[in-house]
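This report concerns only the one structure given below.
A quick note: this is a predicted structure, and the numbers were derived from the prediction, not measured. Letters A, B, ... mirror the listed sequences (proteins, then strands); counts begin at 1.
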Amino acid sequence: MRKSKNINVGKQHGADQVGIPISKIQEHHEKDHYFVALAGNPNSGKTTIFNALTGGRQKTANYAGVTIEKKEGIFKSDSGKRFQLIDLPGLYSLSAGSPEEQIAQEVLLGIMPKMKKPDLAIVVIDATNLERNLYLTLQVHETGIPVIVALNMTDIAEKRLIAIDAEKLSEELTVPVVPVCGKDGRGIDNLKSLLDQFEPVNGKTRNWRMNEDVEKVVADVANLLVEEKFADKTNADWLARRIMLQDSMRISELPRDIKHKIHDIRDTITRTDDDLLDDEVVSRYRWIRDVYSRTVKRPLTDMQSRSELVDRIVLHPLLGPVIFAVIMAILFQAIFTWSEAPIAWMESGVGALSQYMNTAMPDSEIKSLLLDGILAGVGNVLVFLPQIVILFFFIALLEDTGYMSRAAFLLDRVMRSVGLNGHSFIPLLSSCACAVPGIMSTRTIRNDRDRIVTILAAPMMTCAARLPVYTLLIAAFFPATHLFGFISLRGLIMLTLYLGGTFSALGVAWFMKKFVFKGECSPLILEMPSYKIPQPRNVLITVWEASLSFLQRAGSIILALTIIMWFLISYPQNIELEDSLKSQNIPTSKINEELVRNSYMGQIGQFIEPAIEPLGYDWKIGVGLISAFAAREIIVGTLGIIYSTSSEEEIARLSNAMKEDINPNTGKPVWTPLVASSLLVFFVFALMCMSTLATIKKETNGWKWPVFAFSYMFILAYAGALAVYQAGMLLGFQ
Amino acid sequence: MFGPRKKHQRRCNNRHSESGPQLKNLDALPVGSCGIVMAITGERSLRRRLMEMGLLEGSRLRVVKFAPTGDPIELKVNDYFLSLRKSEAARIMVKTHDANPSS
């Protein structure tokens, strides 16, 4: 048994005197709950192993301060021990500096805030790709944490006649090696029982050596760190090398005198920084290759991989893009049309419940709250589920089969011209149906900056909710004429609006990448995994997880905002006013208008009227805009309320009522084609969707980005509508 | 079409008129070329990434395919397939050699 003092150098604000908090080395005794980190290369089948161990019981959150996903799950062993598993992001290396690598390193070292140091790490490695996978394995081991290696994809290795001596490998690595096959579950029981009986042995963490002079320097620095209590024996070597190679970002600054001593030690050899870097990487691989040659037997001629043959078609210069276009068309079509039926069922279900409650309950304020606030809110949330389910189903399929990287390969050149990478394509495409699932699907984008830019550009894509608004306004205020005899004017306007949104989104992305998120395109360096049959369990878990997290985190916000909207439009209630208006035989349409004018919503509308007049709007349009904030298509319903028509069935009546409306202040019509144009332009740009905002908040873990997105889009919308209206006035259009 | 290639069918196709190995940048190699990595130049973090992915001195690679516009490039590196942009590939110095059947 080893005990170690809690080594924790105090934190002094302001000065550069912050130590590296080290957690106690876990005492070797029987505990009943353990914290286990799961690491591995991307495409190593890590997720399948995670799912096999946790049985799908998992939850995702974000790591503090970044948009990187934190996936955790629970595994209970046969003897009743409880293992809390954390699935680290897929990594090729712990030390190359990207945020994911930084986070993984911090988790393993135990310096991630609000997380204790893992008791052990399971490294999932791909048996058909051993050299590269062992690189990460060595690094994980070097951080001083006990390691179990899960040698995955043994079935594919068998097919390729690659024979790995797991026992010998285990001897060389000095850690247990369990052959598994995530796909059919072979070996998982062994892994589970090994976890159950695991007893960490604090042995050497590094078996490979660099050049002797470098080794000496590293050892000196390591001893220094231990003496000064910035590291303990298990991780001093790792930390010493991180400091020497200057490739850790958040490992806190060391005190000045320590830095000096380290510089002195460093200066005793004449190697450049590049030399040191090379030495570490090369020495590791040299050792790995040596071990490989002794533990792996493979045929002299590799079998032609089937994936390469499939890629002859999938990545063909002509067929490749065609296949891609077809797949994207299917995806898009699925999101648009396959969701129609489930959405209709949900709406009619909610409607039926609403009807029932309407007749079953006496009129009261509570009833109104229940029906128009809460039930409507729940309906607003549920209505997104079909599209989310469909989109994530397809994404899971594409990822699991390995097609995603082929798509990124084909798209890279094009996407680079706007500063994005291929992984932004599907989120942006799905945002043409609805930004909510589109933004959620940006999880597949690894680079933080690219992900945020995509999230900010996504709401600008013309989404399905804008279409009812476009349809109403175009039909009401633009004639059904044909240009040149065959191009429908209305169709042309619709197309212009559609493309306007799309190109604006790309323009915004380009602008952001160039000026706001300065930085070069992250390098491609994209692995093309072999094609695999997708695992039903993985797909289902992905879909389930996405739906659940949407309901919990975005859903609550949407529900809350719906209730607020209901409140604003229903209160303050003024029964006397209503009665007095009725008794004066004022037509119903006007009564409703007055009631809305009296509500809080109406008051806000009148309050902002001066601000939206330059755009050509009056307070009623203002009320429409505010309600559209909840969801764009609501403006149609709101206008219906104001003009006392039920807009769904009677669009013609609504447009007539709108056209007849006269502004009491100016004596001129409220609605003209110019006003309609201005409103259309406003809708192209503005982020009028609380669900989108809620989703952005959920995916970026904070309100900063939703507020930013709303603001920049609002500015564009206001400026655009203003320009259109004022220019139109100047040119004489009324 | 499927199954192990017969020994005399080589996938490597080094087309060079002069005999003997040549040292070239990876982005200049045509499809089918095989070679061994000699060095990686350029900016440190990119270098490190490429090396950690297994592209270091002594690694065998083969140029598999170009994207429709010629960029990016798909390679086979040791045991797996990797795509790089031309600008990234340009940093890798490769010694081409006569066809190696085990690529």
Which atoms of A/P321 are under 4.5 Å from chain B, going by heavy atoms: the side chain, the backbone, both sets, or neither? side chain

How about B/R85 and A/R416: do any of their side-chain heavy atoms sit closer than 4.5 Å? yes

Is there a donor-acceptor contact under 3.5 Å from the side chain of B/E88 to the main chain of A/L524? yes

For B/R49, is there any backbone N or O sitting under 3.5 Å from a side-chain donor or acceptor partner on A/Y92? no

Relative to chain A, which of B/L50, B/L55, B/L84, B/L46 shows the most heavy atom pairs under 4.5 Å? B/L84

Measuring from atom OH of B/Y80 to atom CG of A/N43, what distance do you get when rounded to the nearest 0.5 angstrom? 11.0 Å

So for B/S59, is it side chain, backbone, both, or neither that comes closer than 4.5 Å to the heavy atoms of chain A? both

Rounded at 0.5 Å granularity, tell me how far CE in B/M53 sits from OG in A/S93. 10.0 Å

Output every pair passing salt bridge (charged side-chain N to carboxylate O under 4.0 Å, His left out) with a member in residues 38-47 of chain B, not counting sequence neighbours, ordered by first then second residue. A/D274-B/R44, A/D274-B/R47, A/D278-B/R47

With a 4.5 angstrom heavy-atom cut-off, is it the side chain or the backbone of A/L130 that approaches chain B, or both, or neither? backbone

Side-chain contact test, heavy atoms from C-beta onward, threshold under 4.5 Å: evaluate it for A/S95 versus B/E52 and give yes or no. yes

Atom CG in B/D71, atom CZ in A/R413: separation rounded to 0.5 Å? 5.5 Å

Quick one: closest heavy-atom pair of B/I73 and A/F409, and the distance? C-CE1, 3.9 Å

Those residues that, when tested against A/R132, pass salt bridge (Lys or Arg N to Asp or Glu O under 4.0 Å) (two or more places apart): A/E527

Say you draw a straight line from CE of B/M51 to OH of A/Y135; how long is it, rounded to the nearest 0.5 Å? 7.5 Å

Kindly indicate, with the supporting measurements, whether the criterion salt bridge (charged side-chain N to carboxylate O under 4.0 Å, His left out) is fulfilled by A/R406 and B/E74. CA-CA 10 Å; A/R406 272 78 185 173; B/E74 188 187 7; 5.2 Å; no

Honestly, the part of A/N41 sitting under 4.5 Å from a heavy atom of chain B is neither

Output the option from A/L318, A/V281, A/D126, A/L136 having the highest count of non-hydrogen pairs under 4.5 Å with chain B. A/V281

Could you give the distance from OG (A/S530) to CG (B/D79), rounded to the nearest 0.5 Å? 11.0 Å

May I have the step-by-step check of salt bridge (charged side-chain N to carboxylate O under 4.0 Å, His left out) for A/E280 and B/R48, ending in yes or no? CA-CA 10 Å; A/E280 194 189 49; B/R48 193 207 229 305; 3.5 Å; yes

For A/N129, is it the side chain, the backbone, both, or neither that has a heavy atom closer than 4.5 Å to a heavy atom of chain B? both

Would you give the length of the straight line joining atom CG of A/L526 to atom CZ of B/F81, rounded to the nearest 0.5 angstrom? 13.0 Å

Please state whether the side chain, the backbone, both or neither of B/V64 comes within less than 4.5 Å of a heavy atom of chain A. side chain

